[in-house]
Amino acid sequence: MRTTLTSILGTHYPLIQGGMAWVADADLAAAVSNAGGLGVIAAGSMDQERLRAEIRKARSMTDKPFGVNIMLLSPHTPDLAAVVIEEKVPVVTTGSGSPGKYIEAWKNAGIRVIPVVASTGLARRMESLGADAVIAEGSEAGGHIGELTTMTLIPQVVDTVKIPVVAAGGIADGRGIAAVSMLGASGVQVGTRFLASEECNIHPNYKALVVKCRDIDSRVTGRSGGHPVRCIRSPLTREMTALEKKGATFEELETITIGSLRKAVVDGDLKHGSFMAGQIAGLVSRILPVREIIEGMFAEYERIISQGGSMEWKIK
Ligand code: TUI
């Protein structure tokens, strides 16, 4: 494929892997890049030396471009922002805030900057500061989410900015790619689908939960503290919901959420872990190699659009 986004990214497919904190390491990023997407190392759980090591490891595993995701709530953000420049990372994605103060330095270093936005306002701001594209992420997504759904956010962002819009939230197969292409998206970001990949290093308990969870098994907690987070329902989400109903303070909530993503990813702790995943996890039923996931998605997309994407495509 050759599209505006593939030329910005230097990839075969217009696909970016979600920058999932604690999850997306060099192994996953290199696998996605080798399969023709843009693999992304998530710096959210790392300090600068750990990030540098992961970048160098990914370089040893692929000669294709890959990116780094900077999660802006991280206390290490200023140091991590410098590492991507020092290590000459070709693409940076960001999440959970505005990367405004870093964009100029990244652009001066020749880095392609693609922030995640959850509103038209931030999309417009990012375009005016020189972002190469934006990832518009709907609230179907896993982890930290905004208010608007993918279906409503994408067309509004597409009408707000001239730069390419990458759709995220709820996309895990070729139907999802076809759908957001109709809304004007120039590409997709996929996270949850890669949780159930062979190359993803999360604990087997986490993968098993993603594979077995149903459409209705997703919960959003943390709204009271201003950082809503979507996870697969668990004893932790139940406790969070109960505490929030009682009007618990941010500090009270923090005592059970601190370290909970690590407990899910590293320890597979079914009681205390937060198993972040998008609503589309209900559709994910098989652990596959990354290459099969990506090739399968785009083969299905091609099949749909070759029939004109008509409303009858499924009906024989
Ligand atoms: O960042 C994500 N997803 C994440 S980050 C993460 S680690 C974490 N864990 C617990 C609490 C908070 C974070 C897990 N999942 N997705 C991208 C994303 N960005 N979603 C929503 C946003 C966002 C929201 C508000 C971006 C900007 C924003 O406002 C910025 C502004 O200044 O307007």
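As the structure lists them, so they are numbered: ligands from 1, and atoms in each ligand from 1. Note that the coordinates shown come from a computational prediction; the quantities given were computed from them, not determined experimentally.
For ligand 1 and Val116, the ligand atoms under 4.0 Å from any heavy atom of the residue are 17 (C), 18 (C), 19 (N), 26 (C). Close approach of ligand 1 to Ser98 is summarised as follows: ligand atoms under 4.0 Å from at least one heavy atom of the residue are 30 (C), 32 (O). For ligand 1 and Leu73, the ligand atoms under 4.0 Å from any heavy atom of the residue are 12 (C), 13 (C). Against a heavy-atom cut-off of under 4.0 Å, Glu137 is close to the following atoms of ligand 1: 16 (N), 17 (C), 18 (C), 20 (N). Using a 4.0 Å cut-off to heavy atoms of Met276, the atoms of ligand 1 that qualify are 9 (N), 14 (C). Close contacts between ligand 1 and Gly143 involve ligand atoms 14 (C), 15 (N) [criterion: under 4.0 Å to a heavy atom]. Close approach of ligand 1 to Leu122 is summarised as follows: ligand atoms under 4.0 Å from at least one heavy atom of the residue are 27 (C), 30 (C).
Taking all atoms of both residues into account, the shortest heavy-atom contact from Ala21 to Leu261 is O-CD2, 3.5 Å. Listed here is the closest heavy atom pair of Ala35 and Ile294: CB-CD1, 3.9 Å. Across every non-hydrogen atom of Val210 and Leu195, the tightest pair is CG2-CD1, 3.9 Å. Closest of all the heavy-atom pairs between Ala81 and Tyr102 is CB-CD2, 3.5 Å.
At a heavy-atom cutoff of 4.0 Å, ligand 1 is contacted by no atom of Val117, backbone or side chain. Using a 4.0 Å cut-off between heavy atoms, Met71 contacts ligand 1 through its side chain alone, with no backbone atom that close.
Inclusion of His227 in the set of residues having an N or O under 3.5 Å from an N or O of ligand 1 is not warranted.
Among protein heavy atoms, atom 22 (C) of ligand 1 sits closest to Ser96 N, 3.8 Å. What sits closest to atom 11 (C) of ligand 1 on the protein, heavy atoms only, is Val229 CG2, 3.8 Å. His144 N, 2.9 Å is the protein heavy atom nearest to atom 15 (N) of ligand 1.
Between Gln189, Arg125, Glu147, it is Arg125 that holds the heavy atom closest to atom 31 (C) of ligand 1.
Looking only at distances, no side-chain donor or acceptor of Thr93 sits under 3.5 Å from a matching main-chain atom of Ile114.
With no hydrogens or angles considered, no side-chain donor-acceptor pair links Ser218 and Gln279 at under 3.5 Å. Between the side chains of Glu244 and Ser224, a donor-acceptor pair is found at a separation under 3.5 Å.
Taking a cutoff of 4.0 Å between a charged side-chain nitrogen and a carboxylate oxygen, Asp173 and Arg193 do not qualify as a salt bridge. Residues Glu49 and Arg52 are paired through a salt bridge, judged by an N-O separation under 4.0 Å between the basic side chain and the carboxylate.
Distances from ligand 1 to the non-hydrogen atoms of Gly97 include at least one value under 4.0 Å.
Checking atom 25 (C) of ligand 1 against the protein gives no heavy-atom contact under 4.0 Å.
Each of Lys212, Arg233, Arg230 was scored for a salt bridge (Lys or Arg N to Asp or Glu O under 4.0 Å) with Asp217, with one residue passing: Arg233.
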